[in-house]
Amino acid sequence: RFGEAIDVWDQIQNPDTKALTIRGIGMAAADRDLPQDQYDALFKTLRAKSETIEHPPSYAIALTYIAMAQAFADDDAGAWTTAASMENDALRHKAYGETAEIQAERGDVAAAMKSIGYIESVAFRNKAYALVSKILADQALFDEALQAAEPVTNSYKKAKALQYVLDLQGADSEN
């Protein structure tokens, strides 16, 4: 009943609540395994609604939530397009990082690495690589986790990520 949910969205006045509502609608849709054309129509509608949010931080957060929902719905190209359109550098990098985490959680290492590749900030990129490495290690994808940790340029973060993978790998081999 996405149409009804969107109708309720129009009654909301608070910009943060509007952004959170976009998240709720998008995530609920991502769980539905809809045909791509229905996802495209819904995400287009959510994007149009987000364009009416006049509070810049809430607007950017709404776009982040749309990108996340697109990634959950396996619409990586849509997620990358949505994130790329964001003007706020920090929130754009966050959107790419969140997208990479979602892709890693579903085991799509190539997509996660591509998402991280779009991050222009070294600090955000290091954080995203480390988080993706942890997610992959938690899934016992140790080779992939090590590959995700390798590009980290911050020595401390890299050592911490590699140690996490090695610790889990050691615990896994003991079982």
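Please read all numbers here as calculations on a predicted model, not as lab measurements. Along the sequence shown, residues carry numbers from 1.
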Using atom types as modelled, flag every donor-acceptor pair under 3.5 Å from a side chain in residues 144-153 to any protein atom, sequence neighbours excluded.
from : atom 1 : to   : atom 2 : distance (Å)
E150 : OE2    : K158 : NZ     : 3.3
T153 : OG1    : N126 : OD1    : 3.3
T153 : OG1    : N126 : ND2    : 3.0

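- Tracing side-chain contacts under 4.5 Å through hydrophobic residues (I, L, V, M, F, W, Y), one never reaches L91 starting from Y118; they form parts of separate clusters.
- With rounding to the nearest 0.5 Å, the separation of CD1 in I66 from CD1 in I61 is 12.5 Å.
- With T52 contributing its side chain and K49 its backbone, the two residues share a donor-acceptor pair below 3.5 Å.
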Set out, in order, the CA-CA distance, both residues' side-chain angles and the distance that settles salt bridge (charged side-chain N to carboxylate O under 4.0 Å, His left out) for D108 and K114, then state yes or no. CA-CA 10 Å; D108 192 340; K114 185 172 181 177; over 6 Å; no

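- In plain terms, the two heavy atoms of A95 and A83 that are nearest each other are CB-CB, 3.9 Å.
- The nearest pair of heavy atoms linking A111 to Q103 is O-OE1, 3.0 Å.
- Between G97 and A128, the shortest heavy-atom distance links the atoms CA-CB, 4.3 Å.
- Here the shortest heavy-atom pairing between Y59 and R47 reads OH-NH2, 3.5 Å.
- With 3.5 Å as the limit, one finds no donor-acceptor pair spanning the side chains of Q70 and D76.
- Taking the charged nitrogens against the carboxylate oxygens, D138 and K134 do have a contact shorter than 4.0 Å, which makes a salt bridge.
- With S133 contributing its side chain and Y129 its backbone, the two residues share no donor-acceptor pair below 3.5 Å.
- Residues I116 and L136 share a hydrophobic cluster, clusters being chains of Ile/Leu/Val/Met/Phe/Trp/Tyr side chains in contact below 4.5 Å.
- E98 and Y65 form no side-chain donor-acceptor contact under 3.5 Å, judged by distance and modelled atom types alone.
- Applying the side-chain contact (heavy atoms from CB on, under 4.5 Å) test to K127 and every residue at least two apart in sequence or in another chain returns L131.
- Side chain of K18 to backbone of W9: no donor-acceptor contact under 3.5 angstrom is found.
- Salt-bridge check for R92 with E87: failed, with every basic side-chain N at 4.0 Å or more from each acidic carboxylate O.
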With a cut-off of 3.5 Å and sequence neighbours excluded, list every side-chain donor-acceptor pair involving residues 19-34.
from : atom 1 : to  : atom 2 : distance (Å)
T21  : OG1    : T17 : O      : 2.7
R32  : NH1    : A28 : O      : 3.4

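- Linking ILVMFWY residues whenever their side-chain heavy atoms come closer than 4.5 Å, directly or via other members, leaves V132 and V165 in distinct clusters.
- Residues S115 and W80 have side chains that bring a donor and an acceptor to within less than 3.5 angstrom of each other.
- Between S85 and T82, the shortest heavy-atom distance links the atoms OG-O, 2.7 Å.
- Residues M113 and I135 fall into different hydrophobic clusters, defined by Ile, Leu, Val, Met, Phe, Trp and Tyr side chains chained together at heavy-atom separations under 4.5 Å.
- With hydrophobic clusters built from ILVMFWY side chains whose heavy atoms lie under 4.5 angstrom apart, L162 shares a cluster with L168.
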Derivation of the side-chain contact (heavy atoms from CB on, under 4.5 Å) call for D75 and D40: CA-CA 9 Å; D75 181 8; D40 292 343; 4.1 Å; yes

